[in-house]
Amino acid sequence: MSELYIRVAEDENEEPMEIPSEDDGTILLSSVAAQFPGACGLRYRNPESQCMRGVRLVEGVLHAPENDWGNLVYVVNYPKDNKRKMDEIDAASAVKVKRGFQKTSDLIVLGLPWKTSEQDLKDYFTTFGEVIMVQVKRDLKTGNSKGFGFVRFTEYETQTKVIAQRHMIDGRWCDCKLPNSKAGPDEPMRSRKIFVGRCTEDMTTDELRQYFMQYGEVTDVFIPKPFRAFAFVTFADDQVAQALCGEDLIIKGISVHISNAEPKHNNIHQLFPNFPGGSASLAAMFDRSQYQFPSSHV
DNA sequence: GTTGAGCGTT
């Protein structure tokens, strides 16, 4: 190890910033990400070959090439600049990412009052975001509303928000769903949070944060206390979280399993049907908690 | 002229 700080920049021609190394000469990815949010690694131009080279990254720790950071300027890697990274996760995940593309679709609006018009619908939903179209389905002969309709938004974020809640329209509670799906206000808006199963007790929040940073920006890490062999990691981008679901990852030599973090009101009694002391105490214990479980455990 | 879980005439 040659010096206490190494120089890191967003781009080869940008002004570098000095990042502190650890005592053992390594650099924590979290140190880089503190200055460059969302960073997932480093690269540098090899003086001999003039090619860009990646810096070795093991579980959130960056290792100096040939044990010497030298006097080079290192360049930050970001997940979105690197499609190859996503492809490596696996083919199924890549499909998920593509399918989860931020394109809006029609939403069915269930439970409309008979009197609600398309103009009423448009006026209501415009308060959430720009509306592309609204429909109220009617009996062709009578012109009476069938009590449901459709809406489409410009922004995917608006769609997500609208699906996630119930709607009071002209005095009735209505639900907006993706057509032909059961997903409603309760259920799975695609989560930015993943469930990390098979954790060991020596895994810290910092270590988990450093590890998962390589996939995308991490906004939260939660480890239930006392130890319960799982954790939750939240990403800034739901697509990153979804892409990891189903994966087995190696953290500190341990194979952990990634699945979707489900909303916390999933029936806990299905998880532990024979809990000692009866289901009431179990329910009380969990209803007060923040814990969430993946559907694969239910 | 009624109704209240569902799934879209053109």
Side-chain angles (χ1 to χ4, degrees), chain A residues 91-195 237-246 259-271 273 279 283 286-287 292-298:
Chain A
S93 301
V95 170
K96 286 188 202 168
V97 170
K98 281 189 183 155
R99 192 183 53 201
F101 205 75
Q102 311 234 329
K103 206 166 52 120
T104 64
S105 51
D106 294 353
L107 302 180
I108 188 165
V109 188
L110 266 6
L112 289 174
W114 313 117
K115 55 173 264 204
T116 298
S117 69
E118 301 196 337
Q119 188 61 50
D120 295 332
L121 270 193
K122 179 152 191 175
D123 290 345
Y124 173 77
F125 282 116
T126 299
T127 63
F128 291 87
E130 189 185 345
V131 170
I132 295 177
M133 75 94 200
V134 289
Q135 292 177 338
V136 172
K137 290 304 173 189
R138 300 177 181 280
D139 184 291
L140 270 63
K141 289 181 179 171
T142 67
N144 290 333
S145 168
K146 291 176 160 172
F148 72 95
F150 292 88
V151 60
R152 180 133 180 204
F153 295 97
T154 307
E155 299 293 330
Y156 185 82
E157 289 70 24
T158 311
Q159 169 171 323
T160 305
K161 190 167 55 179
V162 165
I163 292 175
Q165 72 176 66
R166 303 249 289 157
H167 302 273
M168 178 57 74
I169 302 176
D170 290 340
R172 270 183 62 92
W173 285 110
C174 302
D175 293 314
C176 295
K177 304 174 180 179
L178 292 169
N180 301 312
S181 81
K182 292 129 289 173
D186 314 328
E187 271 182 288
M189 23 171 194
R190 292 185 336 182
S191 183
R192 299 182 340 249
K193 186 186 294 189
I194 57 171
F195 177 95
D237 185 347
D238 61 349
Q239 295 192 33
V240 173
Q242 295 301 312
L244 287 173
C245 287
S259 48
N260 225 307
E262 294 287 327
K264 59 182 167 190
H265 43 63
N266 276 340
N267 195 343
I268 200 69
H269 309 295
Q270 292 172 9
L271 286 171
S279 59
F286 281 94
D287 285 350
Q292 300 178 323
F293 295 84
S295 51
S296 60
H297 287 219
V298 181

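Bear in mind that the values here come from a model prediction, so they are computed numbers and not experimental data.
Within residues 136-145 of chain A, the residues having any heavy atom closer than 4.0 Å to DNA chain B are, in order of number, K137(A), L140(A).
The interatomic distance linking L110(A) (CG) with dG8(B) (P) rounds to 11 Å, in whole Å. For the pair R172(A) CZ and dG6(B) P, the computed distance is 14 Å after rounding to whole Å. At whole-Å resolution of the value, NZ in K146(A) and C1' in dG4(B) are 14 Å apart. Between the CE atom of M133(A) and the P atom of dT10(B) there is a distance of 14 Å, given to the nearest Å. For the pair L121(A) CG and dG8(B) C1', the interatomic distance rounds to 14 Å; values are reported in whole Å.
Considering only the side chain of Q135(A), dG8(B) comes nearest among dA5(B), dG8(B), dC7(B). For D106(A), the side-chain atoms get nearest to dG8(B) when compared with the rest of dG4(B), dG6(B), dG8(B).
A search for side chain to side chain contact (heavy atoms under 4.5 Å, CB included) contacts involving T116(A) returns L112(A), P113(A), D120(A), L121(A), I169(A), D170(A), not counting sequence neighbours. In terms of the side chain to side chain donor-acceptor pair (under 3.5 Å) criterion, residue partners of Q135(A) (sequence neighbours excluded) are, by chain and number, K137(A). In this structure F128(A) satisfies the ring pair (Phe, Tyr, Trp, His ring centres under 6.0 Å) test together with Y124(A), H167(A), sequence neighbours excluded. Contacts of W173(A) classified as side chain to side chain contact (heavy atoms under 4.5 Å, CB included), with partners at least two apart in sequence or in another chain: R166(A), M168(A).
In terms of heavy atoms, Y156(A) sits closest to T104(A) at N-CG2, 3.5 Å.
At a threshold of 4.0 angstrom between heavy atoms, the contacts of L112(A) include nucleobase atoms, whether or not backbone atoms are also involved.
Ring-base stacking between W114(A) and dT3(B) is satisfied, the centre separation being under 5.5 Å and the plane angle under 30°. For the pair F150(A) and dG8(B), the ring geometry qualifies as stacking, because the centroid separation is below 5.5 Å while the planes lie within an angle under 30°.
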Donor-acceptor pairs under 3.5 angstrom involving side-chain atoms of residues 140-149 of chain A: please list them, not counting sequence neighbours.
| from | atom 1 | to | atom 2 | distance (Å) |
| --- | --- | --- | --- | --- |
| T142(A) | OG1 | N144(A) | N | 3.1 |
| T142(A) | OG1 | N144(A) | ND2 | 3.3 |
| S145(A) | OG | G147(A) | N | 2.9 |

